[in-house]
> 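Encoded as structure tokens, here's the structure I'll be asking about.
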Amino acid sequence: MEISKIGVVGAGQMGNGIAHVLALAGYQVLMNDISQDSLDKAVEIIQGNLDRQVSREKITAEERDAAMANISTTLTLTDLGPSDLIIEAATERETVKAAIFEDLLPHLLPHTILTSNTSSISITRLASRTDRPEKFMGFHFMNPVPIMQLVELIRGIATDKETYNACLAVVDKLGKTAASAEDFPAFIVNRILMPMINEAVYTLYEGVGSVKSIDESLKLGANHPMGPLELADFIGLDTCLAIMNVLHDGLADTKYRPCPLLTKYVEAGWLGRKSDRGFYDYRQDPPVPTR
């Protein structure tokens, strides 16, 4: 099927990044959020990121202007109903995601494909809450979306081939690479990445190393561009904890037990960059470790 109109639910870090790349690829994008301030901020961020791409000669000024013209916003979720494809990029909580899809159902076109940008939650379970499990799948972008090249495509047990091929065509048009993942907790990237981050937090919790020594060890010893604790702050510690809980609950293996220190940071509201404090304190320049 031909996809031209795409709805994006959520104007946060992932939502605005997804809207950015879709609009730049020529899709008509309608972005929804419950907050007008969030929508305004998202448009401002997209404009700034596109301007940066122009200054670096990645795109032309004409392409930037066309992309911005492709983006519109709404506070009304049901306005997304006439879309060919909807990408949900709300918070990583299953109850929130399920409620969004249930609210959308009465307003969808018969051919509308529903997808979730979830990084860990069962696609089959989310799809079962809709009237179109065959037209439902996981569409997992990496952060930051305009830069990262990978998109995980996750089929639920009922997802049909036409739906998968339509989403694959979107990934191709974006100039990104698709990885097909089976519907198991956390899929591919986070099944591998999050336990590593959780183990880094355990290493800190047990006093094996400091924040600085752990991050420097992985950057210099394993050639990682970011240390695991720095990366956790970038992702958001609440998101890391949510994914570890999905792994722990879904696979029933104690090796996925979230580190108590990760839980404590989240309980304190120290969520990383988005709250200005996590394993580093971003209120200072340069950021300093908090432990």
Side-chain angles (χ1 to χ4, degrees), residues 1-3 5-10 14-15 18 22 27 32 77 80-143 145 148 150-174 176-194 239 242-253 256:
M1 63 172 288
E2 185 72 23
I3 291 176
K5 297 179 180 179
I6 301 179
V8 177
V9 182
M14 294 304 297
I18 293 168
L22 291 172
Y27 292 105
N32 162 261
L77 178 64
L80 274 58
S83 304
D84 301 312
L85 167 68
I86 293 175
I87 302 174
E88 170 274 314
T91 185
E92 191 69 359
R93 288 164 51 195
E94 186 170 345
T95 54
V96 173
K97 294 178 184 295
I100 288 169
F101 291 125
E102 288 174 2
D103 288 346
L104 280 168
L105 291 182
H107 308 277
L108 301 177
L109 298 172
H111 70 267
T112 300
I113 293 173
L114 293 176
T115 68
S116 176
N117 185 58
T118 179
S119 51
S120 61
I121 298 168
S122 167
I123 298 304
T124 298
R125 197 163 61 240
L126 286 174
S128 72
R129 304 288 292 273
T130 76
D131 63 355
R132 59 193 68 208
E134 72 285 350
K135 293 187 178 299
F136 193 107
M137 65 181 297
F139 209 147
H140 182 213
F141 288 84
M142 305 295 124
N143 184 35
V145 180
M148 302 297 282
L150 184 71
V151 180
E152 283 183 316
L153 294 180
I154 307 101
R155 282 173 282 204
I157 195 170
T159 307
D160 63 26
K161 186 175 181 180
E162 182 184 18
T163 297
Y164 178 83
N165 287 340
C167 291
L168 180 61
V170 172
V171 175
D172 288 343
K173 188 172 179 179
L174 297 179
K176 296 186 181 293
T177 300
S180 181
E182 295 301 316
D183 187 20
F184 286 91
F187 319 129
I188 296 173
V189 173
N190 284 317
R191 173 75 177 266
I192 298 168
L193 176 63
M194 286 302 158
T239 300
I243 295 170
M244 287 308 303
N245 280 326
V246 167
L247 280 166
H248 189 231
D249 295 343
L251 297 173
D253 192 324
Y256 298 115

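All of these numbers come straight from a predicted model, not from anything done at the bench. No hydrogens, no waters, no symmetry mates; every other heavy atom, side chains included, goes into these values. When a residue number appears, it is its place in the shown sequence, counting from 1.
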> For residues N190 and S119, report the shortest heavy-atom separation together with the two atoms involved.
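Heavy-atom minimum between the residues: ND2-CB, 3.1 Å.
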> From I6 CD1 over to L85 CG, what is the distance, rounded to the nearest 0.5 angstrom?
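The distance works out to 5.0 Å.
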> Any non-hydrogen side-chain atom of M142 less than 4.5 Å from a side-chain atom of E152?
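In contact.
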> Using side chain to side chain donor-acceptor pair (under 3.5 Å) as the criterion, list what pairs up with D172, not counting sequence neighbours.
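Not a single residue meets the side chain to side chain donor-acceptor pair (under 3.5 Å) criterion with D172.
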> With side chains defined as the heavy atoms from C-beta onward, is the minimum distance between I113 and F139 less than 4.5 Å?
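Heavy-atom side-chain distance check fails, nothing below 4.5 Å.
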> Quick check: do L174 and L22 have side-chain heavy atoms less than 4.5 Å from each other?
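A side-chain contact exists here, since the closest heavy-atom pair is under 4.5 Å.
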> Which value, rounded to the nearest 0.5 Å, describes the distance between F187 atom CZ and S122 atom OG?
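With rounding to 0.5 Å, CZ (F187) is 7.5 Å from OG (S122).
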> The criterion is side chain to side chain donor-acceptor pair (under 3.5 Å); which residues satisfy it with K97, sequence neighbours excluded?
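Listed in chain order: E88.
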> Within the supplied structure, the quantity of interest is the number of heavy atoms (other residues, nucleotides, ligands) at a distance under 6.0 Å from K5 NZ; does it exceed 12?
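No.
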> Under the salt bridge (charged side-chain N to carboxylate O under 4.0 Å, His left out) rule, collect the residues that match up with R93, sequence neighbours excluded.
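Salt bridge (charged side-chain N to carboxylate O under 4.0 Å, His left out) list for R93, sorted by chain: empty.
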> Does Y27 have any ring-ring contact (aromatic ring centres under 6.0 Å, His included) partners at least two apart in sequence or in another chain, and if so, which?
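Here no residue qualifies.
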> About how many Å separate CZ of F136 and OG of S116, when rounded to the nearest 0.5 Å?
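Here the interatomic distance stands at 5.5 Å.
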> Find the distance between CG (N143) and OG1 (T239) and round it off to the nearest 0.5 Å.
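One gets 9.0 Å once the value is rounded to the nearest 0.5 Å.
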> In chain order, what residues pass the side chain to side chain contact (heavy atoms under 4.5 Å, CB included) check against T159, with sequence neighbours excluded?
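M137, R155, T163.
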> For residues 100-110, dump all side-chain donor-acceptor pairs below 3.5 Å to protein atoms at least two apart in sequence or in another chain.
{"residue": "E102", "atom": "OE2", "partner": "R129", "partner atom": "NE", "Å": "3.0"}
{"residue": "E102", "atom": "OE2", "partner": "R129", "partner atom": "NH2", "Å": "2.8"}

> Sequence neighbours left out, what pairs pass salt bridge (charged side-chain N to carboxylate O under 4.0 Å, His left out) with at least one residue falling in residues 106-128?
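Checked against salt bridge (charged side-chain N to carboxylate O under 4.0 Å, His left out) - neighbours excluded - the pairs reaching residues 106-128 are E94-R125.
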> Given 3.5 Å as the limit, does a donor-acceptor pair link the side chain of N117 with the main chain of F141, or not?
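Here the side-chain-to-backbone pair exists.
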> Among all residues two or more places apart in sequence or in another chain, which pass the side chain to side chain donor-acceptor pair (under 3.5 Å) test with T115?
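T115 satisfies side chain to side chain donor-acceptor pair (under 3.5 Å) with no other residue.
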> Do the side chains of Y256 and V246 get nearer than 4.5 Å, heavy atoms only?
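Result no, sub-4.5 Å side-chain heavy-atom pair not found.
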> Just to verify, which of M244, M194, E92 counts as forming a side chain to side chain contact (heavy atoms under 4.5 Å, CB included) with S120?
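Testing S120 for a side chain to side chain contact (heavy atoms under 4.5 Å, CB included) against M244, M194, E92 leaves exactly one candidate, E92.
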> Return the NE2 to OG1 distance between H140 and T118, rounded to the nearest 0.5 Å.
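Between atom NE2 of H140 and atom OG1 of T118 there are 7.5 Å.
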> For D183 and G156, which heavy atoms make the closest approach, and how far apart are they?
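In terms of heavy atoms, the two residues are closest at OD2-CA, 4.2 Å.
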> The criterion is side chain to side chain donor-acceptor pair (under 3.5 Å); which residues satisfy it with Y164, sequence neighbours excluded?
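Result, side chain to side chain donor-acceptor pair (under 3.5 Å) vs Y164: none returned.
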> How close do A98 and L126 get, heavy atom to heavy atom, and via which atoms?
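In this case the closest contact between A98 and L126 is N-CD2, 4.3 Å.
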> Shortest non-hydrogen contact from A89 to I18?
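That would be CB-CD1, 4.1 Å.
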> Which residues pass the side chain to side chain contact (heavy atoms under 4.5 Å, CB included) test with S83, sequence neighbours left out?
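Side chain to side chain contact (heavy atoms under 4.5 Å, CB included) check on S83 returns L80, I86.
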> Once rounded to the nearest 0.5 Å, what's the spacing between atom CD1 of I243 and atom NE2 of H248?
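Between atom CD1 of I243 and atom NE2 of H248 there are 15.5 Å.
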> Checking N165 now: which residues fulfil side chain to side chain contact (heavy atoms under 4.5 Å, CB included) with it, not counting sequence neighbours?
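Checked N165 against side chain to side chain contact (heavy atoms under 4.5 Å, CB included); matches are K161.
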> Between R191 and L251, is the side chain to side chain contact (heavy atoms under 4.5 Å, CB included) condition met? List the steps.
CA-CA 11 Å; R191 173 75 177 266; L251 297 173; 3.7 Å; yes
> Kindly write out the residues that satisfy side chain to side chain contact (heavy atoms under 4.5 Å, CB included) with I157, not counting sequence neighbours, or none if the list is empty.
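Partners of I157 under the side chain to side chain contact (heavy atoms under 4.5 Å, CB included) test: T124.
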> Quick one, K135 and T112 - any side-chain contact, counting heavy atoms below 4.5 Å?
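Answer no - side chains too far apart.
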> Do K173 and I3 come close enough that some side-chain heavy atom pair is under 4.5 Å?
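They are not in contact (no side-chain heavy atoms under 4.5 Å apart), so the answer is no.
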